[in-house]
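Before any comments, here is the structure.
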Amino acid sequence: MSNLLITLIMLIIYADIRLFLIANLTLDFDFIGVEPEINLKELDMTFYPNRQLTYLASSISVLAIATGLVVGQSATHKSLAQTSTTPPPTGVTSINGAGASSITTLFIGTGTTSPFNPKGSWFNTYGVGNPSSLNPPGPVNAAVTFRYASVGSGKGLTAFFTQTVPAGSPTINRPVSFAASDDPVVGTEKVSGSPNNAGTPANAYVQVPAITVGIALAYNPTGLNVPTGGIKLSRATYLGILQGNIINWNDAKIKADNGGVTIANKPIVLVYRSDDSGTTFALSSHLKAAFPTWNRGTGKKSIVGSVPSTIPADTVVWPVGSKGATGGGGVATTIATTPGAIGYVDSATQLANNLKAAVLQNKAGTYNAISSTTISNAFVGASDQDANAQRIKLVVTDPTAANAYPIVTATYVLFYDKYADAKVAAGIKGLIGWAFGAAGDTIAKNRGYAPLPPAIKTLSQNVVNTYVKP
């Protein structure tokens with residue numbers, strides 16, 4: 001029996017006992033829920049005695065609330081665990097992958113609210129849904145189903161290169177056929193233990209960008225005096241917050257950015273990704289490119305502390321007192337439940353969780369809110385920076401356009417150049433061709449992403465069609 005179900009049963013029994021006492025002994029109680037896997041926060045319920053109808057109504061309410069939380073949590077977990085290890089329908093080939101949480105909302109959906117939920121996501125439209133009840137729309141290709149484990153870029157790349165499926169949940173079955181990462185590989189990584197890649201060099205895999213996202217500096221507005229249009233942060237100000245030099249919302253720099261408005265006398269709580277994350281890589285790469293004074297490192301790994309004389313490779317050292325969370329969803333939840341918090345999440349996660357995001361000043365001096373349009377503007381004129389014909393890498397660390405959002409990244413997908421199962425290779429090619437069309441673009445925009453520029457789409461599709469083979 002799951003912990004969540006046990007909690008539900010205990011919650012109902014406990015509430016019924018207390019409600020009985022309230023109804024018969026004229027007592028007053030405060031009921032505070034526990035937090036096993038769900039976040040009930042402080043569910044404060046005061047019941048009044050000597051009213052049998054109140055007792056009955058309250059008892060039903062507790063059951064309804066608890067059931068609703070279980071159903072909602074279950075739906076959310078199913079959306080993240082579109083990684084089901086159950087066999088695909090008869091005659092359907094399962095194409096399994098793992099990686100960046102930034103692309104989860106696009107690939108498989110998150111939560112229960114349209115347009116972010118599993119129904120209508122890329123994978124549940126192009127292939128057979130997981131479960132198949134998530135079609136229609138689709139399937140465009142009834143011969144395949146795509147499964148994805150949202151475990152972060154680092155774990156996804158490890159799964160792809162070593163065929164070691166992610167431990168715990170979410171996970172997928174072998175073989176691992178693709179990975180997704182916001183941190184592009186450098187080309188020295190080797191494939192080991194794979195049934196694919198037969199007879200080719202160990203580094204002969206394919207990497208192409210699939211979509212672009214912005215990195216939002218999202219904040220908790222509770223207790224803040226938020227100006228119309230949102231809180232503006234200049235380049236110097238958001239650098240100061242991330243460096244740990246600006247520690248209160250009443251800082252003079254924040255006030256100046258917002259036309260003299262005092263936001264609040266409230267400590268700033270910086271929230272960061274504690275797991276290996278391409279989102280951390282993208283943000284820190286921007287900070288390094290944009291600010292010569294950034295001295296806290298660059299990479300996908302995170303630690304907290306004072307800046308050491310030598311920062312570990314591929315690592316960012318966040319200021320003392322910063323609060324870590326696992327996955328983009330974990331960061332979003334921490335921001336939403338922590339007064340004074342500000343942290344970084346991809347634009348899709350920010351939108352799906354209805355988080356407020358700072359309006360940031362870009363290199364041209366313009367303040368732009370994060371949106372599909374401002375993210376797309378950042379990639380105008382972007383070109384491939386990888387000399388290897390089988391890999392594409394876009395470097396847009398500090399866009400110069402006045403109408404561009406300043407912190408952006410492409411999310412990459414990695415494929416083998418040879419697959420033991422020809423159906424997998426065909427399914428991958430079909431997915432990329434469909435996703436880069438009008439239907440795929442519409443889904444992406446509605447979920448907080450920005451499609452690639454047409455020239456990059458063409459380049460990516462040519463690489464996949466040329467080098468991904470059965």
Side-chain angles (χ1 to χ4, degrees), residues 80-85 93-104 106-108 122-123 127 144-211 275-282 299-301 314 327 386 388 390-393 409-421 423-425 427-429 431-432 435 460 463-464 467-470:
L80 291 176
Q82 179 109 354
T83 56
S84 172
T85 53
T93 298
S94 184
I95 302 176
N96 308 318
S101 64
S102 61
I103 205 167
T104 302
L106 181 61
F107 276 178
I108 60 174
W122 269 10
F123 286 177
V144 296
T145 182
F146 283 82
R147 310 291 173 91
Y148 186 69
S150 175
V151 293
S153 297
K155 289 182 180 179
L157 291 174
T158 297
F160 176 79
F161 285 120
T162 66
Q163 284 295 312
T164 304
V165 298
S169 178
T171 191
I172 46 175
N173 285 330
R174 292 184 180 88
V176 180
S177 295
F178 68 95
S181 176
D182 297 324
D183 181 2
V185 298
V186 297
T188 58
E189 299 84 353
K190 304 293 184 183
V191 175
S192 63
S194 174
N196 305 302
N197 255 82
T200 65
N203 63 345
Y205 41 83
V206 171
Q207 172 182 272
V208 297
I211 203 72
D275 56 324
D276 290 2
S277 165
T279 308
T280 302
F281 169 82
K300 61 180 177 289
K301 302 178 184 294
D314 198 25
D386 194 318
N388 188 298
Q390 295 189 197
R391 297 191 304 268
I392 299 173
K393 178 180 179 181
T409 185
T411 299
Y412 300 84
V413 283
L414 284 83
F415 305 116
Y416 297 111
D417 66 336
K418 189 174 182 63
Y419 285 90
D421 187 342
K423 295 177 183 177
V424 173
I428 287 170
K429 290 181 179 181
L431 172 70
I432 294 297
S460 292
V463 169
V464 170
Y467 294 105
V468 174
K469 301 174 182 178

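Residues: numbered from 1 along the sequence shown. Bear in mind that the values here come from a model prediction, so they are computed numbers and not experimental data. Side-chain atoms are counted along with the backbone in the values below, which use heavy atoms only and exclude waters and symmetry mates.
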From [X] [atom1] over to [Y] [atom2], what is the distance, rounded to the nearest 0.5 angstrom?
{"X": "Gln207", "Y": "Phe178", "atom1": "CD", "atom2": "CZ", "answer": "14.5 Å"}
{"X": "Ser177", "Y": "Tyr419", "atom1": "OG", "atom2": "OH", "answer": "5.5 Å"}
{"X": "Ser460", "Y": "Ile392", "atom1": "OG", "atom2": "CD1", "answer": "3.5 Å"}
{"X": "Asp275", "Y": "Lys155", "atom1": "CG", "atom2": "NZ", "answer": "6.5 Å"}
{"X": "Arg174", "Y": "Gln163", "atom1": "CZ", "atom2": "CD", "answer": "7.0 Å"}

Asn96 side chain to Ser94 side chain, donor-acceptor N/O pair below 3.5 angstrom: yes
Say whether, by atom type as modelled, one donor and one acceptor occur between the side chain of [X] and the main chain of [Y] under 3.5 angstrom.
{"X": "Lys429", "Y": "Val468", "result": "yes"}
{"X": "Gln390", "Y": "Asn388", "result": "no"}
{"X": "Ser277", "Y": "Thr280", "result": "yes"}

More than 12 heavy atoms of other groups within 6.0 Å of Lys423 NZ: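 Open: at most 12 neighbouring heavy atoms sit under 6.0 Å from NZ of Lys423.
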Quick one: closest heavy-atom pair of [X] and [Y], and the distance?
{"X": "Ile103", "Y": "Ala180", "value": "CG2-CB, 4.1 Å"}
{"X": "Phe161", "Y": "Leu414", "value": "CZ-CD2, 4.0 Å"}
{"X": "Ser150", "Y": "Pro170", "value": "O-CG, 3.8 Å"}
{"X": "Pro184", "Y": "Phe281", "value": "CD-CE2, 3.8 Å"}

Test applied, side chain to side chain contact (heavy atoms under 4.5 Å, CB included); reference residue, Ile95; option that passes from Thr145, Ile172, Ile428: Ile428
Matching residue for Val176 among Val165, Thr164, Thr158, Thr162 - test: side chain to side chain contact (heavy atoms under 4.5 Å, CB included): Val165
Note: Lys300-Asp276 ion pair, threshold 4.0 Å (strictly below): no
Salt-bridge criterion met for Asp386 and Lys393 (N-O under 4.0 Å):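 Result for this pair is no, no salt bridge flagged.
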Whether Phe107 and Phe123 hold their rings parallel, tilted or perpendicular, with breakpoints at 30° and 60°: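 Because their plane-to-plane angle is under 30°, the rings of Phe107 and Phe123 count as parallel.
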Non-hydrogen side-chain atoms of Asp183 and Tyr412 separated by less than 4.5 Å: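 No, their side chains stay 4.5 Å or more apart.
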Min side-chain heavy-atom separation Val185-Arg391 under 4.5 Å: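 Yes - at least one pair of side-chain heavy atoms lies under 4.5 Å apart.
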Ring center gap for Tyr416 and Tyr205 short of 6.0 angstrom: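 Ring-ring flag for Tyr416/Tyr205: false, centres at least 6.0 Å apart.
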Residue from Ser153, Ser101, Ser102 passing side-chain hydrogen bond (donor to acceptor under 3.5 Å, both in side chains) with Asp182: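 So the option named by the test is Ser102.
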